[in-house]
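Letters A, B, ... are given to chains in the order of the sequence lines, protein chains preceding strands, and every chain is numbered from 1.
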Amino acid sequence: MTLEKLILDLTHHIRINKGFLVWMGFLLVSLMVCLYAYSIQLRIGLGVAGIRDYVSWGMYLANFVFFVASSLIGMLISGVLGLIGMKWITPVTRIAETIAVAFAAVAGLVIVSDMGRPERLAYVFLYGRFQSPILWDVTVVITYFVLSSLLLFLPLIADMAIIHRSKQALPSWLRPVYKLLSLNFTDRPEQNKIISRSIRILLILLIPAALSIHTVTSWLFAVTSRAGWDSTIFGPYFVSGAFVAGSATVIIAMFFFRKNYKLQDYLTDLHFTNMGKVLVLVSLVYLYFNLNEFIVPGYKLKRADAVHLHDLLAGKDALLFWVIQIGGLLLPVLFMLFRRFRKPLPITIIAVAVLIAAWFKRYIIVIPTQEHPFLPIQHVPQNFITYAPTLIEILITLAPFILVLIIITLISKFFPVIPLFETAKEKGIEKIEFE
Amino acid sequence: MRCKKQLFLIFILASLIPVRSSAQAWIVPDDQKGKVAPFKFTPVMVKQGEQLYLKNCQSCHGLPGKNNWVRITPPPGDLSLEKAQNQSDGELFYRITNGRIPMPEFRKILSDEERWWLISFLRSFNPRYIQPKPVSQAVFTGKIIQLSLSCDLPSKKVKVMASEALKDSSKIPASGVEVLLFVKRYFGNLQIGDSKSTDKDGIVLFEFPSDLPGDKEGKVEILARVNDPGDQFKSNAVSMKLAIGVPTDKPSLIATKTWWTSRRSAPMWVIMTYSLSVIIVWGFIVYIVYNVLKIRNLNNKPNNQ
């Protein structure tokens with residue numbers, strides 16, 4: 001394989017074609033519709049959503065947990081698997097980092113959708129209490145976003161340097177951008193040393209940062225004494241669940257990039273099989289935490305827990321609960337144990353099921369608990385007692401998904417999806433001209 | 001599943017955004033509507049009413065004229081606006097006295113007089129308001145009862161004496177007057193025991209509980225008034241502060257450094273842990289960014305190759 005062929009393979013999708021314009025147009029129009037819904041909420045207030053005094057954390061909060069969760073995958077792939085020296089992950093790393101950056105960036109916005117006075121966001125820092133998990137949460141979300149962005153950017157420097165010098169056809173405005181971003185990189189030892197050392201520091205920082213971002217998010221719930229949230233294992237329960245959602249997201253993204261950008265030679269069956277194994281592993285860990293989370297309180301059945309668990313396991317939320325647990329966790333694990341279900345198409349279908357279940361899992365973690373307050377309010381209207389999302393709320397909940405798709409589309413469309421420089425070295429291409 | 005069905009329904013009936021059902025009417029009995037204040041409102045009362053309003057009402061109703069009431073259901077509303085101002089003094093008095101959830105009942109928290117002061121304050125925002133002729137004292141034909149309070153500290157007995165003021169300004173003991181005893185607490189008054197009727201000497205004795213916490217010196221404010229739902233008497237409430245409670249000097253729950261206090265009294269170790277983590281991680285981030293920017297210049301040095 002020659003360098004020219006490699007550059008061609010990994011960058012031929014970097015052009016503005018009709019498909020891209022149609023897709024972006026679709027996303028932007030959808031985003032406009034959702035933003036219009038948000039403008040109604042801004043004008044009238046949070047009352048346009050279904051949240052009331054009982055359930056004051058509705059879909060927005062479930063969505064927030066989901067977005068934070070999905071962003072954690074960057075840490076698992078690059079941080080954990082990378083640091084222990086897994087070689088096969090090279091083509092997957094940038095996909096995972098892109099997902100991490102997109103989801104982390106948007107997670108910060110999701111939480112704003114739940115604020116009645118979003119213009120007071122800065123108050124969190126101006127008046128935030130050091131004792132409050134809310135302050136910790138915003139701090140770690142921002143930190144994790146910055147770490148992930150740097151980790152996305154650093155390996156791109158060499159790629160930019162190669163591409164902007166190559167003869168590869170690029171949109172004309174892109175070449176100077178690449179040149180700027182390549183920071184005059186010419187493969188000098190000093191330059192490589194800075195990059196590789198910075199990446200190593202980032203990878204090490206990324207692990208505690210990612211663990212804290214989701215642990216703290218779980219503490220937003222677990223530091224209360226509400227049935228269903230009052231749990232000492234909420235941190236690891238959330239973190240393991242996050243890896244499930246994130247791995248599924250990566251598999252889906254891999255499938256689309258492979259197909260649309262014709263990367264069959266780089267994202268091979270091996271990568272899908274291995275990601276399948278990763279998904280099985282994290283799903284089993286998650287299953288284990290699920291057992292703990294439900295069996296232990298279910299055995300003791302303290303009064304409030306009993307009401308909550310009954311609704312969840314046998315009452316009005318039971319159907320949703322069991323579909324999620326069986327269809328989104330148990331069956332996927334069973335299927336993926338077989339090699340034939342770890343082929344690209346079947347595993348992508350499984351990943352979609354897992355991801356949908358992951359969203360609804362957040363929903364039944366966040367909402368049912370609040371429908372059983374310890375101090376019931378008297379004479380409340382029916383819509384306080386059971387939560388039902390409104391259309392406006394659903395649209396506002398969709399907006400972050402559209403935003404994530406826009407960010408991922410833009411990054412993947414204008415930069416190589418597969419790390420070029422590293423792949424070249426792994427393929428034994430030694431001579432790379434930088435002058 | 002309920003949710004999924006709901007989503008589906010909502011999509012179908014896209015135009016149907018749940019609208020809260022309008023509240024039931026809050027009806028004031030006819031015989032209360034015509035009630036008027038027993039005195040003419042004065043600027044001093046308006047001022048006193050304002051103080052009471054800021055303490056007891058602003059948290060829900062906001063400041064009159066500012067329309068900044070709390071958005072809850074049913075809406076408390078701005079009391080300077082027509083909806084409240086078009087009502088008679090009697091109607092306002094009835095609502096403040098009896099409340100309706102979540103509007104609190106102020107019957108025991110504020111005296112009749114204080115509730116009228118509040119109305120005088122609310123009316124001061126209505127230029128068209130003309131106060132109906134007060135039902136003045138002169139018209140009053142019932143008995144005038146005066147209470148006095150005293151206390152025997154060692155035996156913890158509170159003595160209330162009721163006397164009737166006669167026309168010639170002499171006094172005789174008033175028997176058969178029902179008296180209530182309260183202790184002032186943070187919000188409202190705590191009744192002590194049941195109401196009791198005065199004996200033939202116009203005296204009632206209340207057993208004061210031995211375990212009621214007071215301030216550092218054990219002081220509590222006690223308050224006695226006549227229970228007079230039928231408005232038979234004209235009477236005064238009396239209060240006094242005395243060291244009859246259990247001295248309590250617990251530091252307030254927010255006086256120490258704890259999880260639940262304001263930022264200023266956060267525990268030191270929490271501040272340190274948070275700040276140190278932020279400083280270390282962001283120190284590395286700044287260090288990395290600084291180094292990465294150096295990459296640009298490393299290229300130009302001739303001695304590098």
Side-chain angles (χ1 to χ4, degrees), chain A residues 45-48 50 52-53 59 116 127-132 135-136 139 143 146-147 150 153-154 157 183-186 188-191 194-195 197-198 201-202 205 208-209 212 223 316-320 323 360 363-364 367 377-384 386-392 394, chain B residues 1-7 9-11 13-21 23-24 71-74 100-102 257-275 277-278 280-282 284-285 287-289 291-301 304-305:
Chain A
L46 278 173
V48 300
R52 291 288 179 271
D53 291 30
M59 279 189 12
Y127 308 112
R129 295 163 58 248
F130 294 108
Q131 307 99 306
S132 165
L135 179 65
W136 311 340
T139 311
T143 306
V146 171
L147 290 175
L150 282 172
F153 174 65
L154 287 185
I157 295 176
L183 303 177
N184 292 339
F185 179 84
T186 47
R188 299 271 155 90
E190 297 87 343
Q191 294 179 321
I194 289 180
I195 291 184
R197 207 179 47 198
S198 302
I201 297 176
L202 284 174
L205 288 178
S212 9
V223 293
K316 70 178 174 42
D317 300 315
L319 186 56
L320 188 57
V323 169
F360 279 99
Y363 186 93
I364 58 167
I367 282 107
I377 320 167
Q378 286 169 306
H379 312 296
V380 286
Q382 183 59 31
N383 66 357
F384 275 42
T386 44
Y387 166 76
T390 64
L391 175 66
I392 293 183
I394 293 169
Chain B
M1 229 48 243
R2 171 182 55 77
C3 157
K4 271 198 179 157
K5 232 192 278 161
Q6 178 78 23
L7 298 192
L9 257 177
I10 282 177
F11 273 120
L13 310 172
S15 59
L16 288 185
I17 296 157
V19 179
R20 76 165 67 98
S21 58
Q24 298 151 282
R71 265 53 184 176
I72 53 174
T73 317
R100 183 176 84 156
I101 288 167
K257 290 182 175 296
T258 54
W259 282 113
W260 53 80
T261 49
S262 64
R263 167 162 77 174
R264 205 171 321 142
S265 31
M268 205 54 197
W269 68 268
V270 175
I271 302 182
M272 293 301 280
T273 314
Y274 174 87
S275 314
S277 323
V278 169
I280 290 176
V281 174
W282 280 85
F284 274 114
I285 291 178
Y287 170 75
I288 288 173
V289 170
N291 269 329
V292 167
L293 289 179
K294 268 201 325 211
I295 295 179
R296 300 174 62 101
N297 305 326
L298 284 176
N299 181 35
N300 301 336
K301 290 188 188 144
N304 272 346
Q305 193 74 50

Options [options], ranked by heavy-atom pairs under 4.5 Å with chain B, top entry:
options: A/Leu147, A/Leu150, A/Leu135, A/Ile364; answer: A/Leu135
options: A/Gly50, A/Gly45, A/Gly128, A/Ala209; answer: A/Gly128
options: A/Val146, A/Asp53, A/Ile157; answer: A/Val146

Any side-chain heavy-atom pair of A/Val323 and A/Phe360 under 4.5 Å: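 No, side chains not in contact.
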
Value rounded to 0.5 Å, distance of OG1 in B/Thr261 from CZ in A/Phe130: 11.5 Å

Inter-residue atom distance A/Ile367.CD1 - A/Leu320.CG, 0.5 Å rounding: 10.0 Å

Heavy-atom contact with chain A under 4.5 Å, split by part of B/Ile295: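 For B/Ile295, heavy atoms of backbone and side chain both lie under 4.5 Å from chain A.
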
Side chain, backbone, both or neither of B/Val278 within contact of chain A (heavy atoms, under 4.5 Å):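 The side chain, not the backbone.
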
Report all side-chain donor-acceptor pairs from residues 264-275 of chain B shorter than 3.5 Å, counting only partners two or more places apart or in another chain.
from, atom 1, to, atom 2, distance (Å)
B/Thr273, OG1, B/Trp269, O, 2.5
B/Tyr274, OH, A/Thr139, OG1, 2.7
B/Ser275, OG, B/Ile271, O, 2.6

Part of A/Leu154 lying under 4.5 Å from any heavy atom of chain B: side chain

By side-chain hydrogen bond (donor to acceptor under 3.5 Å, both in side chains) - contacts of B/Trp260 (at least two apart):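 Applying side-chain hydrogen bond (donor to acceptor under 3.5 Å, both in side chains) to B/Trp260 gives B/Thr258.
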
